[in-house]
2 protein chains.
Amino acid sequence: MKYDTRKDQIIQTSAILFQKKGFSAVTMRDIAKAMGIKAASLYNHIKSKQEILSEIIISLAEQFTEQMKIIKNSNDSSIDKLKQIVALHVNITSKNQFEMSSLNSDWMHLEAELEYYLKLRKNYENDFRSIIEKGIQDNELINGNPEVMLFSMLSTLRSLYIWLPKKEDLDIGKFTTELSLVLINGINK
Amino acid sequence: MKYDTRKDQIIQTSAILFQKKGFSAVTMRDIAKAMGIKAASLYNHIKSKQEILSEIIISLAEQFTEQMKIIKNSNDSSIDKLKQIVALHVNITSKNQFEMSSLNSDWMHLEAELEYYLKLRKNYENDFRSIIEKGIQDNELINGNPEVMLFSMLSTLRSLYIWLPKKEDLDIGKFTTELSLVLINGINK
DNA sequence: AACTAAAACTAACAAGTGTTAGTTTAATAT
DNA sequence: ATATTAAACTAACACTTGTTAGTTTTAGTT
């Protein structure tokens, strides 16, 4: 099993609740109740509600940043890099379903680390865009609007947390392949 | 200009605030302040905070339902129907940027009308899926996983409210064409 | 000028908010 | 058995929440 501190359990429980109602609508008493303790007891393990949110979001954002760096610096073709980005999103999302919901919906409630998060996100998008632009230059991709391509792919990848859980016994590898196909080659015959 | 009742102004102002922080984090005092009045005064025009949310979301959901009905019942090819769905989303989103944010992020805070909203959404997705399945049968679309195709298109279309505002002087028609191209034909050369 | 109706106001409510202080219990190490 | 520490508890705080009641102001009509 995992090495699970009590703090980790609080964060995990919080993420589940955050997905259902969003950060603002979840109270410390809600979180405590879900763990079978009183709200005040939470503070033996965490500093604040804000810290819970921050741990969830920043940890995920840094994972994406780290993996993007590897993809970016590889010598693969642009198409292959895009496929690796798809796989990256599917993998992280399948392992962090609830947390991904906060990453997508609750980031604006970050306080101290909001700026840092926005920086990571902007850098990620820039790296993504560069890969697309390189693909166009190298004649791998159609000569279309890179902004629209980025938007389309990233929107889909960021919504994975909504759809992945609906497919119970999902073959992650197969799904990744199918999704890459649709995102890159479209659906037209 | 528009026929704008005071109630409409409240709803519009609320939608702007809801986009920034989400329904739960916006207080009646926030809304009042943005309108230059006191919170209690809002209740001369609306019944509750819940009513504001409901007006925003149900009105939009019904617009989508209504238009989907027209597309569904037309005699156009599946590809053309899909293009019309893309146009539908771009049009409604470009005219209701803030409201679309609530539709996507705050629907779970609906109370009395939650069930009704979920029904509308489910029906919409089913109609969308049927069009894709028909396209596969008729050999218009690749013989892929229709669920993945639906997911990919719908995720992108539902995220439009995040991206459209970033492009200030956007040619809506051109954007619709570009987006349809990417969603249907992909980005591969 | 007097009347009316819409829309603002002040004041307050009961309930809920995140968080702190101080205390007790449970589990572990000596 | 005793001391120690982690983790729970109770009680309370200062503040914010949506909302109501009752009143005053504003603007348009007779």
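Every chain is numbered from 1, with letters handed out A, B, ... down the list of sequences. Quantities reported herein were computed from a predicted structural model and do not represent experimental measurements. Heavy atoms only: backbone and side chains are in, while hydrogens, waters and symmetry mates are out.
- Computed from coordinates, the B:H109 NE2 to D:dT17 C1' distance equals 15 Å when rounded to whole Å.
- Counting only distance, with no hydrogens or angles, the side chain of A:Q12 and the backbone of A:E99 share no donor-acceptor pair below 3.5 Å.
- In this entry the distance linking NZ of A:K33 with C1' of D:dC9 reads 17 Å, nearest Å.
- Residues of residues 44-59 of chain A having a heavy atom closer than 4.0 Å to DNA chain C, listed by number: A:S48, A:K49.
- Here B:S41 does not reach the OP1 or OP2 of C:dA7: none of its side-chain N or O atoms lies under 4.0 Å away.
- Between the CE atom of A:M35 and the P atom of D:dC9 there is a distance of 11 Å, given to the nearest Å.
- B:I16 and B:L103 fall into different hydrophobic clusters, where Ile, Leu, Val, Met, Phe, Trp and Tyr side chains are chained together by heavy-atom contacts under 4.5 Å.
- Rounding to the nearest 0.5 angstrom, the gap separating the CG atom in B:D80 from the CD1 atom in B:I85 is 11.5 Å.
- With hydrogens and angles ignored, the 3.5 Å screen pairs no side-chain donor or acceptor of A:K38 with any backbone N or O of A:A32.
- Ring geometry for B:Y124 against B:H89 counts as perpendicular: the plane angle is over 60°, on a 0 to 90° scale with 30° as the lower cut.
- Atom pair A:D8:CG and D:dA7:P shows a separation of 12 Å (rounding to whole Å applied).
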Quiz item: Hey, mind stepping through B:K21 and A:S24 against side-chain contact (heavy atoms from CB on, under 4.5 Å) and telling me if it holds?
Solution: CA-CA 9 Å; B:K21 311 198 294 174; A:S24 298; over 6 Å; no

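- As rounded to whole Å, 10 Å separates atom P of D:dT16 from atom CZ of B:R29.
- Note: CG (B:L42) to P (C:dT10) measures 14 Å, nearest angstrom.
- Between A:D4 atom CG and D:dA6 atom P the separation is 18 Å, expressed in whole Å.
- For the pair A:A40 and A:A25, both in contact range of DNA chain C, the more 5′-proximal nearest nucleotide belongs to A:A25.
- Ranking C:dT19, D:dT19, D:dA7 by closeness to the A:Y43 side chain, first place goes to C:dT19.
- For the pair B:E147/B:R129, a side-chain contact is recorded, criterion being any heavy-atom separation below 4.5 Å from C-beta on.
- At whole-Å resolution of the value, CD1 in A:I10 and P in C:dG18 are 14 Å apart.
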